[in-house]
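In what follows, a structure is listed as structure tokens, so that the remarks can point back to it.
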2 protein chains.
Amino acid sequence: MTRPLTSAERALDTLRDVILRGELPAGARLGEVELAERLGVSRTPVREALSRLAAEGLVQLVPNRGARVATWSVDELEGVFELRALLEPQVAALAAAAAGPGDLDELADLAVRMETIGRPGPGQDLDALVPLNRAFHDRLAALAGHPALAAALAGVIHPPIVVRNFHAYDDASLCRSLAHHVEIVAAMRAGDAEWARAVMTAHIRNARVVMVRAAAASAMEAGPD
Amino acid sequence: MTRPLTSAERALDTLRDVILRGELPAGARLGEVELAERLGVSRTPVREALSRLAAEGLVQLVPNRGARVATWSVDELEGVFELRALLEPQVAALAAAAAGPGDLDELADLAVRMETIGRPGPGQDLDALVPLNRAFHDRLAALAGHPALAAALAGVIHPPIVVRNFHAYDDASLCRSLAHHVEIVAAMRAGDAEWARAVMTAHIRNARVVMVRAAAASAMEAGPD
DNA sequence: CCGCCCTACCTTGCATGCAATCGCCGAGGA
DNA sequence: TCCTCGGCGATTGCATGCAAGGTAGGGCGG
């Protein structure tokens, strides 16, 4: 059975979700009392949650000045993608070696659904892609059977999610990205770890270009100095 | 000027240092009141410190059952070294491209001092190697100019430090390891990033074999099942 | 008119108190 | 003898109170 979560854990999950969903603008002030009454708890668990979110890098915590939603510079964002480009191909290769038929079916389902939902046209729903994409990459990380690798990834993956959703993609890059998912599953089904690694490398580098371009553009319109 | 640290930060640094120095056995209970009076503060900052240490993976925090010093299985330890084998060569390559003459002199000094102190014989002081080694790798990570990469490394590097110091090395492996440091500096001085990357790869894989062997041996003597 | 300082409010940081939960130990029954 | 159940001590989790530090706004001096 699932043990009852503590208030601090609920606060942590709620806050993380709120930030990851982008409901609060980057740099927004996070007052302890405001969050406390909003979550229906006292300031103590909120403080604990903020502290842990700071450790995760999702909020910036300045002594005596409170917490703000973290912001990332273009350079930091690029660094994150370089790191992903280093780690995720390894994840894909390991997952390719470890995946069973059931896992492959699940991944294939996710990949196909993403391609359906994301295809440019009337039925497109870019926001619905976010959780599916997250599920796909998380599933892969779990399959890799490498907790340290998964932890390192999880600790760094947040920024791109916050900064931009899939709205940043142009049609060509988006189609490439969605096709990559399908191709990764195909490579895994073929048991070809190197194929999977290569496609994942392309996948991340494609995303890097899109995201960095988008971040640079938004930084430009925010303060063109 | 350096701003006065809060009590929670002092508690965090102190506890982390105590754990990293191995002054508490793995799995040791960490009572809030005990730590509080030992640090001369109340339980609140201690709780905050423990929470953040749990996020760093240095302590395991079970709801309603308190905190214990984290333990790592042989598999987890091996995973950490695989991750380091993925990340640190990249760090070395980046650092090789970015290092200036002053940086190289500092690194060379560290490497040479480590070789002097660590050389088998009467003057050997294995415990003194730990902070020097840490300084060397930290300096490299800083030189790489890649905050995300450094953060990912820092978040994962702890276990090997806690599990074993340099006492686990046999003479041959230790000499190799110390020679690697010197060779990395030489490669950087030559501006050869790929050389640095290769030596660092060897360095980590050498360490991996030593540490995993030591961990397996201690696990064997602890509970040979 | 502009800049500086002082004051008052607000926020954070820490201490402490109280309730709930967990683990342990002993007694009772099968 | 072993298992189970109930009470007790200890510990965590959370709420609240108080003091220190910071920020903003207004008044005063240049």
Side-chain angles (χ1 to χ4, degrees), chain A residues 1-19 23-71 222-223, chain B residues 1-19 23-71 222-223:
Chain A
M1 72 177 262
T2 171
R3 103 183 110 242
L5 263 48
T6 66
S7 291
E9 282 174 332
R10 271 198 308 273
L12 178 64
D13 291 342
T14 305
L15 279 178
R16 180 164 37 209
D17 198 57
V18 164
I19 295 177
E23 295 179 11
L24 278 74
R29 213 169 147 335
L30 295 170
E32 291 181 2
V33 285
E34 176 199 343
L35 295 174
E37 58 191 31
R38 186 165 156 179
L39 297 174
V41 295
S42 98
R43 285 171 42 218
T44 308
V46 171
R47 283 181 62 78
E48 194 168 327
L50 286 176
S51 179
R52 296 194 55 164
L53 286 173
E56 291 183 21
L58 278 177
V59 309
Q60 288 167 337
L61 201 49
V62 183
N64 287 326
R65 286 213 277 166
R68 313 186 85 88
V69 178
T71 64
Chain B
M1 75 179 253
T2 170
R3 100 183 112 238
L5 262 49
T6 66
S7 292
E9 282 173 333
R10 269 197 310 272
L12 178 64
D13 292 342
T14 305
L15 278 178
R16 181 166 32 212
D17 198 57
V18 164
I19 295 177
E23 297 179 11
L24 278 74
R29 236 181 100 24
L30 296 169
E32 292 181 1
V33 287
E34 176 199 342
L35 295 174
E37 60 191 29
R38 184 164 159 181
L39 297 173
V41 295
S42 98
R43 284 172 43 217
T44 308
V46 171
R47 283 181 62 78
E48 192 168 329
L50 286 176
S51 179
R52 295 193 57 163
L53 286 174
E56 291 183 20
L58 278 177
V59 309
Q60 287 168 336
L61 202 49
V62 182
N64 285 327
R65 285 212 273 167
R68 313 186 85 87
V69 178
T71 65

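Order of the sequence lines sets the chain letters (A, B, ...), proteins ahead of strands, with each chain counted from 1.
- Between A:Arg10 and A:Asp13 there is no salt bridge, since none of the side-chain N atoms of the basic residue sits less than 4.0 Å from a carboxylate O of the acidic one.
- The separation between B:Glu37 atom CD and D:dT11 atom P is 10 Å, rounded to whole Å.
- Each of B:Leu61 and A:Arg43 lies near DNA chain D, and the nucleotide nearest B:Leu61 is the one positioned closer to the 5' end.
- Ranked by how close their nearest DNA chain C nucleotide is to the 5' end, B:Gly40 and A:Leu30 are led by A:Leu30.
- Shown here for A:Ala8 and A:Ala49, the closest heavy-atom pair between the two residues is O-CB, 4.1 Å.
- Taking atom CG of residue B:Leu50 and atom P of nucleotide D:dG13, one finds them 10 Å apart after rounding to whole Å.
- Between A:Arg29 atom CZ and C:dT12 atom C1' the separation is 9 Å, expressed in whole Å.
- With rounding to the nearest 0.5 Å, the separation of CD in A:Glu56 from CZ in B:Arg52 is 11.0 Å.
- Per the geometry, CG belonging to A:Leu35 stands 14 Å off P belonging to D:dA15, to the nearest Å.
- The CZ-C1' distance, from A:Arg68 to C:dT12, rounds to 14 Å in whole Å.
- The distance from atom CG of B:Leu39 to atom C1' of C:dC14 is 14 Å, rounded to the nearest whole Å.
- Summarising the geometry, the separation between CD on B:Glu32 and C1' on C:dT16 is reported as 13 Å, rounded to the nearest angstrom.
- For C:dT16, its base sits under 3.5 Å from the side chain of B:Thr44 at one donor and acceptor pair at least.
- Where A:Asn64 and A:Pro45 each meet DNA chain D at their nearest nucleotide, the meeting point lying more 5' is that of A:Pro45.
- Following rounding to the nearest Å, A:Arg47 (CZ) and D:dC14 (P) show an atom-to-atom distance of 14 Å.
- Side-chain N/O atoms of A:Ser42 include none lying less than 4.0 angstrom from OP1 or OP2 on D:dC14.
- The base of C:dG13 is not paired with the side chain of A:Arg65 by any donor and acceptor separated by under 3.5 Å.
- In this structure, B:Leu53 and B:Leu30 have side chains that are not in contact, with every pair of non-hydrogen atoms separated by 4.5 Å or more.
- Minimum interatomic distance between A:Ser7 and A:Pro45 (heavy atoms only, all atoms of both residues): C-CB, 4.1 Å.
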